[in-house]
K.L.:
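Got a structure for you, questions after.
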Amino acid sequence: MATLNELLALVADHGADSLQLRADQPPVLFVGREPRPLSSEPPTTGETLTLMTQQLLTAAQRQALERDGKVDAEYRPPRLGLFDLRVRLLPTGLALGFRPRGDAAPAPADVARTETSWPVHGIAALLEAAVARGASDVVVSEETEVTVREGGELRPLPGAVFDRNDLLDALAPVLTQRRRDELEARGSTDLAFELPATEARGPARFRVNLFRQRAGLAAVFRPIWEKVPTFADLHLPPEVATLTDYPYGLVLVTGPTGMGKSTTLSAMLEHLNSTRSLHVITLEDPIEYLFRRKKCLIHQRELGVHVDSFAGGLRAALRESPDVIFVGEMRDQDTIAAALTAAETGHLVLSTLHSGSPAQAIDRIIDMFPENQQAQVRLQLADVTRAIVAQRLLPGSDGRSRVPVLELVRVNYAFSHLIRDRKTHLFPSQIQSSRQEGTIAFDESLARAVRGGRVAVEEAMRVCRDPTHFKLLLNAEG
């Protein structure tokens, strides 16, 4: 199945006037007003069109689509020039039409958007633009051009340069004396920053890390979207939803920094909030998504505001009658020890950890303890760990979005024995043996993303664990 950009390339190859996509129909090129269905392509599913709409339209444009039944936008795929996009909401589902704009020169291969569309004066204006464009990060470094991340790609904004005072003035409302002291003592501090509501949107919130570096101060602003994402919004596999069904134990979401771990856990909490009546306590640094009560009673606590540390918040939580405890990060020995105790005493503990794979997650936790305690920690992990998700975000085939690809381990008796017997190096082979129990190998998840048109084959081949086996997965199930 061709990606969207590959289909748009056919517009130029055939001298077509437009490309039309409708649910349950093959893509259609219009050449001289005559339809030419691409019969070699499978029908486009409604799910694929929904995904495209979420990736190609801003939040405001999606609202306009729901209100008016249609919306116009632009899309500039790499090397193909600018396309006018019209999205319509028909009784039969979504319909997308792409028409090349003849007077628009193709963009350079490494720039998918025009530089002039970003404001360069004022940090607040930049952050407003980040929200409107769906950017995932804005990096402001003292006396250096601002860098933004869109679709997983970093690029500088010429002319957007700010000094130390600009940065401190922008953050002044949230940079308390405690946070200033932490910045001075540790070299960095985490903040929750908010832009006031406008007529077009509610308050725009950001997670901020302010830190010292060689050339002065720098800050990374990451937008926190007003709507708590669902599994469908994030295009996570249905197996992830079942990880909240455990009555107690430890569920970990792991991965490198910036790979959407907290967002995935927030989607899990929102799923609980919609399906079960439970008491949930979150310990966050800082609070990201604001949960509104549905079925769950949710108390959100922030480090430095409501609790002094994750470990202290965990110990306090055990006296607050929770069913579920969300810990922002398993970052130190005390936090891990408290989390294991909570999981042992009948609570479901959800948390994140920086590691590249499920096996590395187990080994990293154990290595945080002194040698004389490691055997006991290994036994605790073998008994209470219920599932480990190792997640990565890859560039989407549309050139704008980032797509989650994950490895999911359900810790059954076989995995428990490997943990207990110091044989985590055998996790990869056990993953293949446990597929019938809901375990997902990384290459299997990657193949699903390729077959769904969300990740290009070339990108998938670059990151897959076993290229030969990955090709077999595509051929066998594609």
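Below, each value reflects all heavy atoms present in this structure, side chains not excepted, and no hydrogens, waters or symmetry copies.
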K.L.:
Check this for me: Arg422, atom CZ, are more than 12 non-hydrogen atoms of other residues, nucleotides or ligands nearer than 6.0 Å?
P.N.:
no
K.L.:
Side-chain contact, heavy-atom cut-off 4.5 Å: His271 with Arg276?
P.N.:
no
K.L.:
Given 3.5 Å as the limit, does a donor-acceptor pair link the side chain of Asn273 with the main chain of Cys296, or not?
P.N.:
yes
K.L.:
Flag the pair His354 / Lys261 as yes when at least one side-chain heavy-atom distance between them is below 4.5 Å, and no otherwise.
P.N.:
yes
K.L.:
Tell me whether Ser397 contacts the main-chain N or O of Ala456 through its side chain, where contact means a donor paired with an acceptor under 3.5 Å.
P.N.:
no
K.L.:
Do Met368 and Asp332 have side-chain heavy atoms sitting under 4.5 Å apart?
P.N.:
no
K.L.:
Compare all side-chain heavy atoms of Leu265 with those of Ser262 and state whether any distance is below 4.5 angstrom.
P.N.:
no
K.L.:
What is the minimum heavy-atom distance between Phe291 and Glu270, and which atoms define it?
P.N.:
CD2-OE1, 3.5 Å
K.L.:
Work out which heavy atom in Ala311 is nearest to a heavy atom in Ala338; give both atom names and the distance.
P.N.:
O-CB, 4.3 Å
K.L.:
Can you see which heavy atom on Gln61 is nearest to which on Leu56, and at what distance?
P.N.:
OE1-O, 4.2 Å
K.L.:
Gln300 side chain to Tyr289 main-chain N or O, any donor-acceptor pair under 3.5 Å?
P.N.:
yes
K.L.:
How long is the gap from CG on Leu4 to OG1 on Thr44, to the nearest 0.5 Å?
P.N.:
9.5 Å
K.L.:
Are any side-chain N or O atoms of Thr439 and backbone N or O atoms of Arg435, one a donor and one an acceptor, separated by less than 3.5 Å?
P.N.:
no
K.L.:
Looking only at heavy atoms, which two atoms of Ser266 and Val228 are closest? And how far apart?
P.N.:
O-CG1, 3.8 Å
K.L.:
Closest approach of Phe310 and Gly328, non-hydrogen atoms and distance?
P.N.:
CE2-N, 3.6 Å
K.L.:
Look up atom CD in Glu302 and atom CG in Asp190, then write down how far apart they are to the nearest 0.5 Å.
P.N.:
9.0 Å
K.L.:
Show your working on side-chain contact (heavy atoms from CB on, under 4.5 Å) between Ile298 and Arg293 and close with a plain yes or no.
P.N.:
CA-CA 7 Å; Ile298 302 180; Arg293 183 167 183 174; over 6 Å; no
K.L.:
Taking the side chain as every heavy atom from C-beta outward, state whether Leu234 and Val240 have any pair of such atoms under 4.5 Å apart.
P.N.:
no
K.L.:
If we ignore hydrogens and angles and just use 3.5 Å, is the side chain of Ser141 paired with the main-chain N or O of Thr144 as donor and acceptor?
P.N.:
no
K.L.:
Any chance you could lay out the side-chain contact (heavy atoms from CB on, under 4.5 Å) test for Glu444 and Glu407, step after step, and finish with the verdict?
P.N.:
CA-CA 8 Å; Glu444 180 185 351; Glu407 189 159 66; over 6 Å; no
K.L.:
Relative to each other, are the rings of His279 and His299 parallel, tilted or perpendicular (30° and 60° limits)?
P.N.:
perpendicular
K.L.:
Would a distance-only check, ignoring hydrogens and angles, find a side-chain to backbone donor-acceptor pair under 3.5 Å from Asp421 to Lys423?
P.N.:
no
K.L.:
Taking Ser434 for the side chain and Glu437 for the main chain, is one N or O donor matched with an acceptor at less than 3.5 Å?
P.N.:
no
K.L.:
Would a 4.5 Å heavy-atom cut-off, applied to side chains only, mark Leu7 and Glu41 as touching?
P.N.:
yes
K.L.:
Is it true that the side chains of Thr45 and Glu47 contain a donor and an acceptor less than 3.5 Å apart?
P.N.:
no
K.L.:
With side-chain contact (heavy atoms from CB on, under 4.5 Å) as the test, pick out the partner of Arg222 among Asn209, Val208, Asp137, Val139.
P.N.:
Asp137
K.L.:
Look only at the side chain of Arg149 and the backbone of Leu154, and say whether a donor-acceptor pair between them is shorter than 3.5 Å.
P.N.:
no
K.L.:
Salt bridge check: are Arg462 and Glu458 linked by an N-O gap of less than 4.0 Å?
P.N.:
no
K.L.:
What is the distance from atom CZ of Phe211 to atom OG of Ser188, rounded to the nearest 0.5 Å?
P.N.:
8.5 Å
K.L.:
Checking side-chain polar atoms at under 3.5 Å, does Arg410 have a donor or acceptor matched by the opposite partner on Thr242?
P.N.:
yes
K.L.:
For residues Ala390 and Gly356, report the shortest heavy-atom separation together with the two atoms involved.
P.N.:
CB-O, 4.0 Å
K.L.:
Please identify which of these residues, Val324, Ile388, Leu348, Thr385, meets the side-chain contact (heavy atoms from CB on, under 4.5 Å) condition with Val251.
P.N.:
Leu348
K.L.:
Got Thr147 and Leu157 here, is their nearest side-chain heavy-atom distance under 4.5 Å?
P.N.:
no
K.L.:
Taking the basic N atoms (NZ, or NE/NH1/NH2) and the acidic carboxylate oxygens, is any pair closer than 4.0 Å for Glu143 and Arg164?
P.N.:
no
K.L.:
Does a side chain donor of either Thr254 or Gln391 reach within less than 3.5 Å of an acceptor in the other side chain?
P.N.:
no
K.L.:
Does a side chain donor of either Ser355 or Gln360 reach within less than 3.5 Å of an acceptor in the other side chain?
P.N.:
no
K.L.:
Measure the spacing between OG1 of Thr189 and CG of Asp181 and express it to the nearest 0.5 Å.
P.N.:
9.5 Å
K.L.:
Short question: side chain of Thr335, backbone of Arg331 - any donor-acceptor pair under 3.5 Å?
P.N.:
no
K.L.:
Does Arg155 form a salt bridge (charged side-chain N to carboxylate O under 4.0 Å, His left out) with Glu145? I'd like the steps, not just the answer.
P.N.:
CA-CA 10 Å; Arg155 63 188 183 88; Glu145 289 177 342; over 6 Å; no
K.L.:
So how far is it from Glu284 CD to Glu329 CD, rounded to the nearest 0.5 Å?
P.N.:
13.0 Å
K.L.:
Would a 4.5 Å heavy-atom cut-off, applied to side chains only, mark Val403 and Leu393 as touching?
P.N.:
no
K.L.:
Decide yes or no on side-chain contact (heavy atoms from CB on, under 4.5 Å) for Leu353 and Arg364, but give the supporting numbers first.
P.N.:
CA-CA 9 Å; Leu353 185 76; Arg364 185 174 179 209; 4.2 Å; yes
K.L.:
Would Arg386 and Tyr248 count as a side-chain contact (heavy atoms from CB on, under 4.5 Å) here? Give the steps.
P.N.:
CA-CA 8 Å; Arg386 296 292 174 264; Tyr248 65 93; 3.1 Å; yes
K.L.:
Once rounded to the nearest 0.5 Å, what's the spacing between atom CZ of Phe442 and atom OG of Ser445?
P.N.:
7.0 Å
K.L.:
Is there a donor-acceptor contact under 3.5 Å from the side chain of Arg205 to the main chain of Ile287?
P.N.:
yes
K.L.:
Identify whether the distance between the nearest side-chain nitrogen and carboxylate oxygen of Arg378 and Glu371 falls below 4.0 Å.
P.N.:
no
